[in-house]
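All remarks here apply to the structure that follows.
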Number of protein chains: 2
Amino acid sequence: MPKIVDHDARRREIVAAVWALIARRGLGAVTMRDLAAEAGYANGALAPYFHSKDEILQAAFQHAVESTNVRAEKAIGDATGLVALRRLCHEIMPLDERRLLEARVVVAFWDRALHDPRMAAVHASAMDQWRQRMSQCLAQARAAGEIADDPRDEQSADTLLAALTGFQVNALLVPHATTPARQQAALDGLLAAL
Amino acid sequence: MPKIVDHDARRREIVAAVWALIARRGLGAVTMRDLAAEAGYANGALAPYFHSKDEILQAAFQHAVESTNVRAEKAIGDATGLVALRRLCHEIMPLDERRLLEARVVVAFWDRALHDPRMAAVHASAMDQWRQRMSQCLAQARAAGEIADDPRDEQSADTLLAALTGFQVNALLVPHATTPARQQAALDGLLAAL
């Protein structure tokens, strides 16, 4: 009998191996051969899993989002309300080398998504997921009396998501003005304004 | 005598003619021939002005920034303080079709800038310019008693710039949650928190 291979698991293994190479060198500068080599595959052996570099980029974006969510839920633990919201935001923000690499994947992905509605939907889905998690934290914070009893959660989530999205760009392209300390000070100001 | 041609003026004319084509179709999908045709030039005639599509993209980014600044100073007029700050932010935000097209140029430019420090410096320079203008408005607002006498201008500018940068992305990729009304509500919240 042929060995049973879990196709999705294999795709995830490949992406876990190659995403940082895409982040460091850029999608334009790496070939399918480079990506196969990074994953320990022979040239051409990625074909059953990915048809193009764009498919790998999309999987790398989803990998970055899922890694963020795993880290966030671990950091949040049993916390609720504003504490949970701050921890969620910290995991989305590019505060360390790993997350700066993830941000490079994210920015590259946006450029491709401009001209591919399916890719745009993948970004929108990540945003919607974070918006829902934020709304949950805000509802907990309101129930606990941590924030004003003022139903502006949509606006609060819009503002946080815009700022977190902007940090991805500015931490890479304006690092001197987007240090971890300054990102965190800005976030603290946004949370205090709630 | 040969006709004297203002090289920089010609470059600006070309960019004014082609930037929207890059925005609509994406840099990858247009050729130097397409760009020349859009500007009314024969194939090859752009070579004295631009050596590559990336050079044209960089000029298109600068064109978007300069157009924003011209619109902003016109909108600001004699206004100062928070009124001026709101008008500046409104001109940076992708609130209409023209500015949504500009945002497409901006997002495409970021992707290239990830791997080109000179291009990153062009983005950083635009951010620094807006930061200075914001600081000026905040100082006026403080002198007029419009905002708290609390020296957190750096943090305020960081937050505004992050949110305005994020809107560029989300207005394109999550338009249902980044309408002009929702962008403006988020901005009003940020200004009210000052």
Side-chain angles (χ1 to χ4, degrees), chain A residues 23-29 103-104 106-117 119-128 131 152 154-179 182-183 185-190 192-194, chain B residues 23-29 103-104 106-117 119-128 131 152 154-179 182-183 185-190 192-194:
Chain A
R24 277 197 303 274
R25 288 177 41 197
L27 200 67
R104 299 179 80 90
V106 164
V107 172
F109 181 76
W110 291 337
D111 176 51
R112 306 299 172 123
L114 290 181
H115 303 282
D116 184 331
M119 291 174 100
V122 170
H123 169 82
S125 160
M127 287 288 146
D128 287 344
R131 176 184 299 284
R152 289 185 306 172
E154 181 179 273
Q155 181 185 314
S156 302
D158 284 351
T159 308
L160 284 169
L161 285 171
L164 297 177
T165 301
F167 287 149
Q168 310 295 317
V169 179
N170 287 334
L172 295 171
L173 300 182
V174 200
H176 67 274
T178 321
T179 60
R182 282 172 70 168
Q183 289 180 57
L187 176 67
D188 287 345
L190 287 170
L194 297 172
Chain B
R24 277 196 304 272
R25 289 180 38 198
L27 200 67
R104 299 178 80 91
V106 164
V107 172
F109 180 76
W110 292 337
D111 176 52
R112 306 300 173 119
L114 290 181
H115 303 284
D116 184 331
M119 291 173 102
V122 171
H123 169 82
S125 160
M127 288 287 148
D128 287 344
R131 175 184 300 285
R152 287 186 306 173
E154 181 179 271
Q155 181 185 314
S156 302
D158 284 352
T159 307
L160 284 169
L161 285 170
L164 297 177
T165 301
F167 287 147
Q168 310 295 317
V169 179
N170 287 333
L172 294 171
L173 300 183
V174 201
H176 65 276
T178 321
T179 59
R182 282 172 71 168
Q183 290 180 56
L187 176 67
D188 288 345
L190 287 170
L194 297 172

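Proteins get letters first, then strands, A, B, ... in listed order; numbering begins at 1 in each.
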Please identify, among [options], the residue contributing the most non-hydrogen atom pairs under 4.5 Å to chain B.
| options | result |
| --- | --- |
| A:H115, A:H123, A:R104 | A:H115 |
| A:A120, A:G166, A:A193, A:A124 | A:G166 |
| A:V169, A:L164, A:T159, A:L161 | A:V169 |
| A:D128, A:L27, A:T178 | A:D128 |

Are side-chain heavy atoms of [X] and [Y] found at a separation under 4.5 Å?
| X | Y | value |
| --- | --- | --- |
| B:V106 | B:T165 | no |
| B:M119 | B:V122 | no |
| A:Q155 | B:R182 | no |

## Note on the structure
Minimal heavy-atom distance between B:A171 and B:Q183, with the atoms involved, is CB-NE2, 3.9 Å
### Message
Tell me the closest heavy-atom pair linking A:W110 and A:Q168, and the distance in Å.
### Response
CH2-CB, 4.0 Å
### Query
Rounded to the nearest 0.5 Å, how far apart are CG of B:L194 and CZ of B:R152?
8.0 Å
Which bit of [X] comes within less than 4.5 Å of chain B, counting heavy atoms only: side chain, backbone, both or neither?
| X | result |
| --- | --- |
| A:R25 | backbone |
| A:A157 | neither |
| A:L172 | side chain |

### Electrostatic pair A:D158-A:R131, nearest N-O below 4.0 angstrom
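Here A:D158 pairs with A:R131 in a salt bridge, since their nearest N and O are under 4.0 Å apart.
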### Task
Answer with side chain, backbone, both or neither: which region of B:A29 has an atom nearer than 4.5 Å to a non-hydrogen atom of chain A?
neither
### Task
Answer with side chain, backbone, both or neither: which region of B:R24 has an atom nearer than 4.5 Å to a non-hydrogen atom of chain A?
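Contact with chain A involves the backbone of B:R24 alone.
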